[in-house]
There are 2 protein chains.
Amino acid sequence: MATPQTGAGDPKRSLELLWREFEPQSSRPGPKPRLTIEQIAEAAVALADRDGIAAVNMRDVAAELGVGTMTLYRYVPGKGELLDLMVDIVSDPKEDAARAAGMGWREVLEYVADSTLEFYQAHPWMLEINQRRPVLGPGSLAGYELALTAFERHTIPNREANLIVTAIWSIVTGTALSYMVSDTPAEQGGPVSTEEEWWEAQLPYLERAVASGRFPALGRVQDENAWEIQAQEAMRYALDTFLDGIAARMEASRVERPKTT
Amino acid sequence: MATPQTGAGDPKRSLELLWREFEPQSSRPGPKPRLTIEQIAEAAVALADRDGIAAVNMRDVAAELGVGTMTLYRYVPGKGELLDLMVDIVSDPKEDAARAAGMGWREVLEYVADSTLEFYQAHPWMLEINQRRPVLGPGSLAGYELALTAFERHTIPNREANLIVTAIWSIVTGTALSYMVSDTPAEQGGPVSTEEEWWEAQLPYLERAVASGRFPALGRVQDENAWEIQAQEAMRYALDTFLDGIAARMEASRVERPKTT
DNA sequence: TAATATCTGAGTACCGCGTACCCGATTACT
DNA sequence: AGTAATCGGGTACGCGGTACTCAGATATTA
């Protein structure tokens, strides 16, 4: 568990946990549980939203809920599985899905991209998590489902639809990673706390590097506000350009073999 | 250090470490160092390439070099700074820069994207690392410099050049994240080791989810080889589409205000 | 209603990892 | 030669994940 990553625990147990709706347990002897899995996940998410993913540990999550540390293990197999659960719960677009109904394909994709960026703003710890081995639960599937609805009334090969959705996810996540250098409160105790201080520390070195002449192209980009770019702007630039390319391609194929609507 | 991320250590000390070329130390009393900073970084990189970033710990890196654990701290302030060093060292495009000379802008950008994908194949642990607070050292700057050379002979506003380079980085990194579900040897001891087993475990749940009717669009994408997509293909699709958009934009601006070459 | 099987909550302890501290050995400058 | 700084590396501590364990509570079954 050194690296917070999805699928770090036993994936079978993660899947059982995420899809627990599939196996409603019958009534059993013994006391009723004091907690629910949802409560634990929400407490962990709240902690992560507030202090970053590094602050999420079993002791503190338990303390947040007013129970002993080991009590959590009655509900969740381990920290790895809890992380998968957190990811799936926040990934659920919930009521967003309804809003996308009736939009055109481009509108839906733009809406998905925008709300994903907002999502990263609300849960910056999602950018700290290594997403290899995604554990697909109801939440993630709902998110993918939402993106796919863009092509509901269009004849796009499934394979291409997948490529498009992945591309958009890449664009949004990539720009979020590049520009959301969030100041997680967790590290405010560290030697350099704010983003501003961060760049300030690097400046003298960058200046010397450019002065050395080893980076001529970089040196030419020193003017104006070339570096003052926000996540929203960078994402929209990449997204718009990409969607222009898609639109051109769709237009071309429509001209090739005309089709009603 | 729970989360392996750049800039986790003291950034000032990281910068001093990365830009150590700026301050060549004069001869000092005491024994000659047995190691060099490069050796340590390379040992750590080799370990990460082989077993993933989670396998990189001070004890094992030291053992790899045949020295005591604490000896490393004579050369490197701490693990966080070592990680920044590893990132910067592998980020250096080295001889790639020469090969890009003379290429057209699109060719350069495609070359950068392709070699970045290969880079992730060689160093999959770079995808496991959280890149917030990038510490800019000579290696990363050289990488950025290489991408910027694409616009050397074109009049593109600096701001836009930045947006394009970032977009390409997002596309490559995003698709790598999505499709390079690498089987890091480190976790081969775990309950599910190969990628195949991984998807196999998820399949029954996905089938039940689709069968439930809650994900109609997903259900429609069940045919053919819609899900069999490789990183290379996904990246090229997104990249080509994006570059098409850029080309169209450049063409439009050239028509607007004609310019020689 | 009584018996029983099972579950809950939580303290204790262990292990892996980063690293602070310390000491003897070594070597350049005066 | 004397001095002072540096090098190697052993020891130990703190933090975080979690295995083990057991007393007490409680829903089901007879």
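What you see below is based on every heavy atom in this structure, not just the backbone, and it leaves out hydrogens, waters and symmetry mates. Quick note on labels: first sequence line is chain A, next is B, and so on, each numbered from 1. Owing to the predicted nature of the structure, the values given are computational and were not obtained by experimental measurement.
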Inset, instruction - Measure from CG on Asp60(B) to P on dG16(C) and round the result to the nearest Å. - result: 11 Å

Legend entry - Upstream residue (5' side of DNA chain C) when Lys32(B) and Tyr73(B) are each assigned their closest nucleotide: Tyr73(B)

Under 3.5 Å, which protein N or O atoms sit close to an N or O of nucleotides 3-6 of chain D? Give each pair with its distance.
residue, atom, partner, partner atom, Å
dT6(D), OP1, Arg28(B), NH1, 2.7
dT6(D), O4', Pro29(B), O, 3.3

Inset, instruction - Side chain of Thr71(A) only, please: which of dA28(C), dG9(C), dT19(C) is the nearest? - result: dG9(C)

Inset, instruction - Could I get the full list of side chain to side chain donor-acceptor pair (under 3.5 Å) partners for Glu200(A), not counting sequence neighbours? - result: none

Inset, instruction - Step through the shown structure and confirm whether more than 12 heavy atoms of other residues, nucleotides or ligands are within 6.0 Å of CD on Gln230(B). - result: no

Inset, instruction - With heavy atoms under 4.0 Å as the rule, sort Val56(A) into base, sugar-phosphate or nothing. - result: sugar-phosphate

Legend entry - Contact nearer the 5' end of DNA chain D, comparing Thr69(B) with Arg59(A): Thr69(B)

Inset, instruction - Take atom CD1 of Ile53(A) and atom P of dG16(D), then tell me their distance rounded to the nearest Å. - result: 14 Å

Legend entry - Value in whole Å for how far the P atom of dC7(D) lies from CG of Leu65(B): 16 Å

Inset, instruction - Examine dC7(D): is either OP1 or OP2 under 4.0 Å from a nitrogen or oxygen in the side chain of Tyr75(B)? Give yes or no. - result: no

Legend entry - Interatomic distance where CG belongs to Leu72(B) and C1' belongs to dC21(C) [whole Å]: 17 Å

Inset, instruction - Please determine if Arg20(B) and Glu38(B) form a salt bridge, counting it only when a charged side-chain N lies under 4.0 Å from a carboxylate O. - result: yes

Legend entry - Length of the CG-P vector between Leu83(A) and dG17(D), whole Å: 11 Å

Inset, instruction - Could you state the atom-to-atom distance from CE of Met70(B) to P of dG18(C) in whole Å? - result: 11 Å

Inset, instruction - Rounded to the nearest angstrom, tell me the gap between atom CE in Met58(A) and atom P in dC14(C). - result: 21 Å

Inset, instruction - Taking only the side-chain heavy atoms of Asn57(A) (C-beta and beyond), determine which of dG17(D), dG18(C), dA28(C) contains the nearest atom. - result: dG17(D)

Legend entry - Residue pairs, two or more places apart or on separate chains, that pass ring pair (Phe, Tyr, Trp, His ring centres under 6.0 Å) and touch residues 126-146 of chain B: Trp227(A)-Tyr144(B)

Inset, instruction - Determine whether the side chains of Asp88(A) and Ser140(A) contain a donor N or O and an acceptor N or O closer than 3.5 Å. - result: yes

Inset, instruction - Evaluate the ring planes of Trp19(B) and Phe22(B), with Trp represented by its six-membered ring, and classify them as parallel (under 30°), tilted (30 to 60°) or perpendicular (over 60°). - result: parallel

Inset, instruction - Provide the closest heavy-atom pair for Glu145(A) versus Leu218(B) in the form atom of the first, atom of the second, distance. - result: OE1-N, 2.9 Å

Legend entry - Closest to the Pro33(B) side chain, choosing from dA10(C), dG9(D), dC7(D): dC7(D)

Inset, instruction - Using only side-chain N and O atoms of Arg34(B), determine if any of them is under 4.0 Å from OP1 or OP2 of dG9(D). - result: yes

Inset, instruction - Please state how far atom NZ in Lys79(B) lies from atom P in dT19(C), giving the value in whole angstrom units. - result: 8 Å

